[in-house]
Structure formats: C-alpha cells, structure tokens
Participant: 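Before we start, here is the structure in question, set down as structure tokens.
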Amino acid sequence: MADRNEPLSAIKSRRNNALNALVGSVPYIRWLGISFDRRGDELTAVLPFDEKLIGNPMLPAIHGGVTAAFLEVAAIVELTWTQIWEDMEQGRIAPDAAVPESLPRLPKTIDFTVDYLRSGLPRDAYARARVVRSGRRYASVHVEGWQDHRQKLFAQATGHFLMPQGG
Amino acid sequence: MTEEAPSDLSEQRRRIARQFIEVIPHARALGMRFDMLSDEGAEISLPWREDLVGDPRSGVIHGGVISALMDTCCGAAVMAHPTGARSTATIDLRIDYMRPAVPGQAIRAKASCYHITRSVAFVRAVAMDDDDSRPVASATGAFTVER
C-alpha cells in the first residue's frame with residue numbers, strides 16, 4: 001500500500017519523470033511530435049498537427065501510415081506504463097532518460113490492424129489505448145483515435161504484442 | 001483522331017502515380033524513394049535513420065515507420081493498377097511484424113494489388129532489409145478506389 005501521506009509533489013514528479021523518460025527515450029516518438037497527457041494512471045496520446053504528417057495534400061488529410069504509427073505508439077506506451085506502474089509506485093524502479101539501463105524494456109509488436117473510419121483532418125489528434133488482455137508473454141491492446149469529437153473516431157486499432165522477458 | 005498505344009497509356013499512368021506519391025509530404029519527410037512502379041505493383045524503399053528508431057536499446061526502426069512505408073506502397077500499387085484509379089484511401093491495413101529490421105539497413109517494400117472491384121482494391125505487401133530471403137514484415141489491406 002502506498003504511503004497516504006506522501007507529498008503530492010513527490011508523487012507527481014515520480015510519475016511524470018517516469019512517463020517522460022519512457023516517451024522521451026524513443027527517437028521516433030519525438031520525430032512525430034507525440035506527447036502524453038496524464039490523469040492519474042490514465043494516458044491520452046496527443047499528436048499535434050504538422051505539415052509533414054500529410055498523406056493527401058489535395059484534401060488535405062493525415063497520412064494513413066501516420067495514423068497507424070500514432071495508434072501503435074499509444075498502444076506500446078500504454079502497455080509499458082501499465083506494466084511498470086506497480087514497480088514505479090513502490091519505488092522499485094525509477095526510469096530516468098539519462099540512465100539508459102533504468103528504462104523499461106518495450107514490448108514487441110506481433111501484428112497491428114488499423115481500421116480507418118474517416119479521413120484524418122489537418123488538426124490535432126488524440127488516442128487512448130486499453131490493455132484488453134495482458135499475460136506473461138502476450139498482450140492484446142485496443143486503441144481509439146479521435147480529433148474534434150471523442151465519440152467520432154477517425155481510426156481504431158487492435159494489436160498483439162510480445163511482452164519483454166525479464167533479465 | 002489519334003489513338004494512344006497501350007504502352008503510352010501505362011507510361012502515363014505510371015507518371016501520374018509517381019507524381020502522386022512524390023507530392024506526399026509525409027513520404028518525403030520520411031525519405032521514401034521510388035524504386036519501381038508497374039502494372040504489377042510498386043516498390044518503395046526507406047533508408048535507416050537515427051530519428052526513426054523505435055527501440056533505443058537496439059536501434060531498430062519503429063513499427064510505425066514500416067506502417068507508413070507499407071501504406072504508401074500499397075496506395076501506389078492501387079494507383080498504378082491498369083484499371084486506373086483517380087485517388088485512393090486506406091480502409092483497413094494489417095501489418096505482421098516477422099522480425100526486427102537490421103539497424104543501418106534500408107527497408108524495401110513491395111506491394112501488389114491482387115484484386116480490384118469498382119470501388120475496392122485488395123492489396124498485399126512485404127517489407128525486406130538487405131536479406132531478401134527473410135521478410136521483416138508483411139501487410140494486407142483494403143483500399144478505396146475513386147474513379
């Protein structure tokens with residue numbers, strides 16, 4: 001059980017540091033410009049619009065590959081975050097971007113299927129992933145992506161992942 | 001009245017499809033290169049780059065980059081198909097990641113449109129690094145066909 005009287009600032013900095021280390025250590029996440037909003041343990045991936053994300057300049061629309069990549073990043077970060085949460089809260093691990101060995105090992109994508117529901121508009125996109133099932137070796141994750149309206153998804157995806165094995 | 005020879009038509013179609021891909025900002029940003037475009041399909045490659053790495057421990061390119069490459073290559077295959085689509089968009093795309101791509105090596109995708117109806121194209125693709133015998137990833141997708 002976590003210490004009920006632990007200072008709020010210590011709790012927040014522990015969680016934010018771990019999340020920043022996890023996200024900041026992946027070059028491709030930085031290249032796409034993805035960040036994560038955190039509310040307690042709930043994460044929302046945010047993809048700010050940029051010209052380089054366009055796949056169809058006539059409409060214009062976000063590239064289907066960008067949508068897939070964004071949802072896959074959201075899935076991998078959510079899965080890793082869920083996996084490290086308990087160890088992080090108990091103080092057993094403290095991921096630090098400056099210490100590569102302290103970073104959690106990432107799950108490997110086995111397959112990823114994206115369902116394109118409407119074209120991605122030239123504006124910010126959001127995604128939230130849900131770990132449907134996570135065993136010792138395999139995990140199944142579902143991701144929803146939206147832009148202006150939370151209920152109007154522009155894409156959803158399901159992926160299977162191979163969990164990192166200890167040691 | 002003049003009649004264009006079929007070879008000119010397919011040459012024209014290839015030029016249109018090539019231009020269509022080359023004006024895609026995201027394809028340019030990732031550094032995609034057109035290797036081949038014919039009635040049978042498309043081949044696009046992507047050199048390895050540090051800022052596209054998904055696993056800093058190993059230096060392996062992120063799966064999302066492969067998705068973007070596969071998606072672009074499949075779309076190009078739809079555009080190059082002899083039935084002549086004006087435009088296309090992804091309906092659904094599934095990627096199987098068979099093994100990590102070797103860091104430092106370019107990834108080459110090959111896509112072919114194996115069936116097309118009035119409004120839907122069914123496409124398959126594989127991605128390879130320098131080892132042609134063992135694909136890095138494979139993809140299957142359904143794409144819209146705008147006529």
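Note on naming: letters A, B, ... go to the chains in the order of the sequence lines (proteins, then strands), and numbering restarts at 1 for each one.
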Participant: Could you have a look at A/Val26, A/Ile29, A/Val114 and say which one has the most heavy-atom pairs with chain B under 4.5 angstrom?
Facilitator: A/Val114
Participant: Evaluate the side-chain proximity of B/Ile95 to A/Glu72: yes if any heavy-atom separation is below 4.5 Å, no if none is.
Facilitator: no
Participant: Is B/Leu69 close to chain A through its backbone or its side chain, or both, or neither, when contacts mean heavy atoms under 4.5 Å?
Facilitator: neither
Participant: Does A/Val73 share a hydrophobic cluster with A/Phe154, counting links as ILVMFWY side-chain heavy atoms below 4.5 Å and allowing steps through other members?
Facilitator: no
Participant: Any side-chain to backbone donor/acceptor pair from A/Asp111 onto B/Asp96? Under 3.5 Å, distance only.
Facilitator: no
Participant: So do the side chains of B/Arg57 and A/Leu106 get within less than 4.5 Å of each other, counting heavy atoms only?
Facilitator: no
Participant: Could you go step by step and tell me if A/Trp31 and B/Leu52 meet the side-chain contact (heavy atoms from CB on, under 4.5 Å) rule?
Facilitator: CA-CA 7 Å; A/Trp31 187 78; B/Leu52 304 180; 4.0 Å; yes
Participant: Please identify, among B/Ile61, B/Asp92, B/Thr140, B/Ile91, the residue contributing the most non-hydrogen atom pairs under 4.5 Å to chain A.
Facilitator: B/Ile91
Participant: Determine the minimum heavy-atom distance between B/Ser67 and A/Ala68, stating which atoms define it.
Facilitator: CB-CB, 3.7 Å
Participant: Heavy-atom count check: over 12 atoms from other residues, nucleotides or ligands less than 6.0 Å from B/Glu50 CD?
Facilitator: no
Participant: Is B/Val65 in contact with chain A via its backbone, its side chain, both, or neither, using a 4.5 Å heavy-atom distance?
Facilitator: both
Participant: For the OG atom of B/Ser58 and the CZ atom of A/Arg105, what is their distance to the nearest 0.5 Å?
Facilitator: 10.0 Å
Participant: Minimum heavy-atom separation for B/Ile24 and A/Gly55, please, with both atom names.
Facilitator: CG1-O, 3.3 Å
Participant: Flag the pair A/Tyr116 / B/Thr144 as yes when at least one side-chain heavy-atom distance between them is below 4.5 Å, and no otherwise.
Facilitator: no
Participant: Report whether A/Phe161 and A/Leu22 are members of the same hydrophobic cluster (ILVMFWY, side-chain heavy atoms less than 4.5 Å apart, transitive linking).
Facilitator: yes
Participant: So with a 6.0 Å cut-off around CZ of A/Arg92, is the heavy-atom count from everything else above 12?
Facilitator: yes
Participant: Other residues, nucleotides and ligands only: do more than 12 of their heavy atoms fall within 6.0 Å of CZ on A/Arg133?
Facilitator: no
Participant: With a 4.5 Å cut-off on side-chain heavy-atom distances among I, L, V, M, F, W and Y, is there a chain of contacts connecting A/Val141 to A/Trp146?
Facilitator: no
Participant: Please indicate whether A/Arg150 has more than 12 foreign heavy atoms, meaning atoms of other residues, nucleotides or ligands, lying under 6.0 Å from its CZ.
Facilitator: yes
Participant: Among the clusters formed by ILVMFWY side chains lying less than 4.5 Å apart, do A/Leu32 and A/Val23 turn up in the same one?
Facilitator: yes
Participant: Mark yes or no for whether B/His62, through its side chain, and A/Tyr28, through its backbone, hold a donor-acceptor pair below 3.5 Å.
Facilitator: no
Participant: In terms of heavy-atom pairs under 4.5 Å with chain B, which of A/Leu71, A/Thr109, A/Ile62, A/Asp115 leads?
Facilitator: A/Thr109
Participant: Hydrophobic clustering (ILVMFWY, side-chain heavy atoms < 4.5 Å, transitive) - are A/Val131 and A/Phe70 grouped together?
Facilitator: yes
Participant: What pair of heavy atoms forms the shortest contact from A/Gly64 to B/Asp71, and how long is it?
Facilitator: CA-OD2, 3.4 Å
Participant: What pair of heavy atoms forms the shortest contact from B/Ala29 to A/Lys52, and how long is it?
Facilitator: CB-CB, 3.8 Å
Participant: Within a strict 4.5 Å, meaning less than it, do heavy atoms of the B/His26 and A/Val66 side chains meet?
Facilitator: yes
